[in-house]
There are 2 protein chains.
Amino acid sequence: MDNENKYCYKYPHAALTADCVVFGFDGESLAVLLIERGIEPFKGRWALPGGFMRMDETITECARRELLEETGVDIEFVEQFNTFSSVDRDPRERVVTVAHYALVRKSDYKVMAGDDAVKAKWWNIKELPTLAFDHDSILRCAERVLRERIHFEPIGFNLLDEKFTISELQRLYEAILGVQFDRRNFHKKITGLGILVPLDEKDTSGRGRSGQLYSFNEREYNALKNKGMKLEF
Amino acid sequence: MDNENKYCYKYPHAALTADCVVFGFDGESLAVLLIERGIEPFKGRWALPGGFMRMDETITECARRELLEETGVDIEFVEQFNTFSSVDRDPRERVVTVAHYALVRKSDYKVMAGDDAVKAKWWNIKELPTLAFDHDSILRCAERVLRERIHFEPIGFNLLDEKFTISELQRLYEAILGVQFDRRNFHKKITGLGILVPLDEKDTSGRGRSGQLYSFNEREYNALKNKGMKLEF
DNA sequence: ATTAATTGTGTTATGATGACGCAAAGTTAC
DNA sequence: GTAACTTTGCGTCATCATAACACAATTAAT
């Protein structure tokens, strides 16, 4: 018996991986965290961080672990959005991947390549390279899902600092949705939801009038949601 | 070498399955298609139709095939909604399942148990038994996803006959969403979308005034959608 | 014919949305 | 210091979508 292949099954098994599309925001535009592959296949090509699931972890725990190992980034909220299972998506063997997404503020994380990755860095979402495997289509799917979910979940707040201005929030929504809002209508709508807490501080970094700083109150958001209140951003 | 276990890998592999939550409608209430398991584990318990993925099919092709084999029901539109990967969700080995849903008119399908299923039948969604594995939580997740997607996709029309009245459509939406609409406002809103085609026929089966029969024009729907028209049901 | 059930259309009040005006509060240039 | 410029916060108004309800038209049952 081949010692290299000691895990044997009655029926053929596909390998299972988790991949991560990590969105980051710097106040201006969206970025995605990619790694440069250090091993074959697709050695030297950029790809989504991810890897093979172990037997003692769920697929989402796998996504978090692989992301940490390959990029040094440890993210609490990682969520699956689709499973990709084309028969020939990996040249090595049959591999099915469960794609996840996460949203973070870029400034909170120090990116360090590790494991099978020779590099890890943020890429502006408008200037992406061609990716390994079917990761291009996974990424496009992630963008579509993000645009849909941002309307109903407060996931966008993960991308901002603890304290933020309405303008920063607006720039974020505009970057994700690819549209422009009227500044004054956005202000009214977002403050009218009752989930932003005004702080006793202002943002004096801009050139004009200082903007009121707010924080997002997740408990308040959940309370409203449980009451059945309609919350659409 | 054990001839029983001839598929060997360098690293342990989880088994991969597809499960199906098939929703059916009979004009009054929603039902789900379940099978009674004929083999261990959970022999004699009711479960979602589903089974192990082959190496030459995608996970969604697997869902369709297993559904056909176990229930005799062949459904074109089956869509994945979530992957379940708890470490101990199957007592035999590590099994990860990609859950799918489908929506059909009950009258279109003749249900016949096959394969590892000893029975297959429709269960009213309000009177379900306790299911095998973690299928209870998969089913609850499917209901939640269905309620969300029905607002933005015309999936509900799969549950109705080719020709239907506005009242039948309303009963369907009420069954899925668990709410009551004002009959007259629903009528105006749904006809105003411009995706229903009035036919030269009326439904004379009811007790009062005969209702206008409509059909759903999918081409028209897609045309409107591609034009960027907002379509919310 | 009368009654009851059901459908199709209209009316109205209310609230949300989108486009825009304008003053207040800051910074920058001189 | 002051004028010019930038940005923020609040208000107004027309328009559209929604919800609640009235009422006439159509059909079956009696």
Side-chain angles (χ1 to χ4, degrees), chain A residues 27-28 147 150-152 160-161 163-175 177-216 224-225 227-233, chain B residues 27-28 147 150-152 160-161 163-175 177-216 224-225 227-233:
Chain A
E28 279 300 322
R147 277 196 294 270
I150 193 83
H151 287 294
F152 303 103
L160 294 171
D161 289 329
K163 305 167 181 177
F164 53 85
T165 64
I166 304 286
S167 294
E168 287 164 353
L169 186 59
Q170 180 173 354
R171 275 194 293 275
L172 169 62
Y173 271 79
E174 289 177 342
L177 294 172
V179 294
Q180 298 261 91
F181 298 110
D182 179 89
R183 182 183 59 78
R184 295 152 291 190
N185 291 333
F186 184 86
H187 189 287
K188 269 178 299 184
K189 178 159 187 178
I190 212 81
T191 53
L193 291 174
I195 56 170
L196 296 188
V197 184
L199 306 173
D200 285 335
E201 274 180 273
K202 298 195 170 186
D203 168 48
T204 56
S205 67
R207 280 191 303 184
R209 175 176 174 174
S210 303
Q212 173 72 49
L213 282 171
Y214 290 86
S215 70
F216 171 63
L224 280 171
K225 202 176 182 185
K227 269 193 205 163
M229 181 176 170
K230 168 190 159 194
L231 281 170
E232 184 177 345
F233 299 96
Chain B
E28 279 301 322
R147 277 196 295 269
I150 192 86
H151 287 294
F152 304 103
L160 295 171
D161 289 329
K163 306 167 181 179
F164 53 85
T165 64
I166 304 286
S167 296
E168 287 164 354
L169 185 58
Q170 179 172 356
R171 276 193 294 276
L172 170 62
Y173 271 80
E174 289 177 341
L177 295 172
V179 294
Q180 299 261 95
F181 298 110
D182 179 90
R183 182 184 61 77
R184 296 153 291 189
N185 292 333
F186 184 86
H187 189 288
K188 269 178 296 184
K189 178 161 186 177
I190 213 80
T191 53
L193 290 174
I195 55 170
L196 295 188
V197 184
L199 306 173
D200 285 336
E201 276 180 89
K202 297 196 170 187
D203 169 48
T204 57
S205 66
R207 280 191 302 184
R209 174 175 173 176
S210 303
Q212 172 72 49
L213 282 172
Y214 290 86
S215 70
F216 172 62
L224 280 170
K225 202 175 182 185
K227 269 194 206 165
M229 182 176 170
K230 167 190 159 195
L231 281 170
E232 183 177 346
F233 299 96

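Keep in mind the model is a prediction, meaning the values are calculated, not measured. In what follows, chains are A, B, ... by sequence order, proteins preceding strands, each numbered from 1.
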*asked:* Rounded to the nearest 0.5 Å, what separates atom OH in A/Tyr214 from atom CD in A/Glu168?
replied: 12.5 Å
*Spacing between B/Leu196 atom CG and C/dG8 atom P, to the nearest angstrom*: 12 Å
*With rounding to the nearest 0.5 Å, note down the distance linking CG in B/Leu196 to CZ in B/Phe216.*
8.0 Å
*Out of curiosity, B/Ile190 CD1 to B/Ile166 CD1, how far, rounded to the nearest 0.5 Å?*
7.0 Å
_Using every non-hydrogen atom in the two residues, find where B/Ser210 and B/Lys202 come nearest and quote the distance to one decimal._
CB-CB, 3.9 Å
*Give the rounded distance in Å between these two atoms: CD of A/Gln212 and C1' of D/dT7.*
14 Å
Under 3.5 Å, which N/O atoms of the protein pair with N/O atoms of nucleotides 2-5 of chain C?
none

*Just how far, in rounded Å, is C1' of C/dT7 from CG of B/Asp203?*
11 Å
*Whole-Å distance between D/dT8 P and A/Ile190 CD1?*
15 Å
Under 3.5 Å, N/O pairs linking protein and nucleotides 14-16 of chain D:
none

*Measure across B/Glu28 and B/Ala175 and return the closest heavy-atom pair with its distance rounded to 0.1 Å.*
O-CB, 4.2 Å
*asked:* To the closest 0.5 Å, what do you measure between CZ (A/Phe164) and CD (A/Gln170)?
replied: 13.0 Å
*Residue pairs, two or more places apart or on separate chains, that pass side chain to side chain donor-acceptor pair (under 3.5 Å) and touch residues 184-197 of chain B*: B/Asp182-B/Arg184
*Listed by chain and number, what are the side-chain contact (heavy atoms from CB on, under 4.5 Å) partners of A/Leu177, not counting sequence neighbours?*
A/Arg147, A/Ile150, A/His151, A/Tyr173, A/Val179, A/Phe181
*Hey, could you give me the CG/CG distance between A/Leu172 and A/Leu160, rounded to the nearest 0.5 Å?*
5.0 Å
_Distance below 4.0 Å between B/Lys189 side-chain N/O and D/dA17 OP1 or OP2_ = no
_Measuring from atom CG of A/Asp203 to atom CZ of A/Arg209, what distance do you get when rounded to the nearest 0.5 angstrom?_
13.0 Å
_Any donor-acceptor pair under 3.5 Å from B/Gln180 side chain to B/Glu174 backbone_ = no
*When the distance from CZ of B/Phe181 to P of D/dA20 is rounded to whole Å, what number comes out?*
12 Å
*Rounded to the Å, how far apart are A/Arg183 CZ and D/dG11 P?*
14 Å
Anything under 3.5 Å between a protein N or O and an N or O of nucleotides 10-13 of chain C, put it in a table, one pair a line.
{"from": "C/dG10", "atom 1": "O6", "to": "B/Lys188", "atom 2": "NZ", "distance (Å)": "3.2"}
{"from": "C/dT11", "atom 1": "O4", "to": "B/Lys188", "atom 2": "NZ", "distance (Å)": "3.1"}

*Please report, rounded to the nearest Å, how far the C1' atom of D/dT8 is from the CD atom of A/Glu201.*
17 Å
*Where along residues 164-172 of chain B does a heavy atom come under 4.0 Å from DNA chain D, residue by residue in number order?*
none
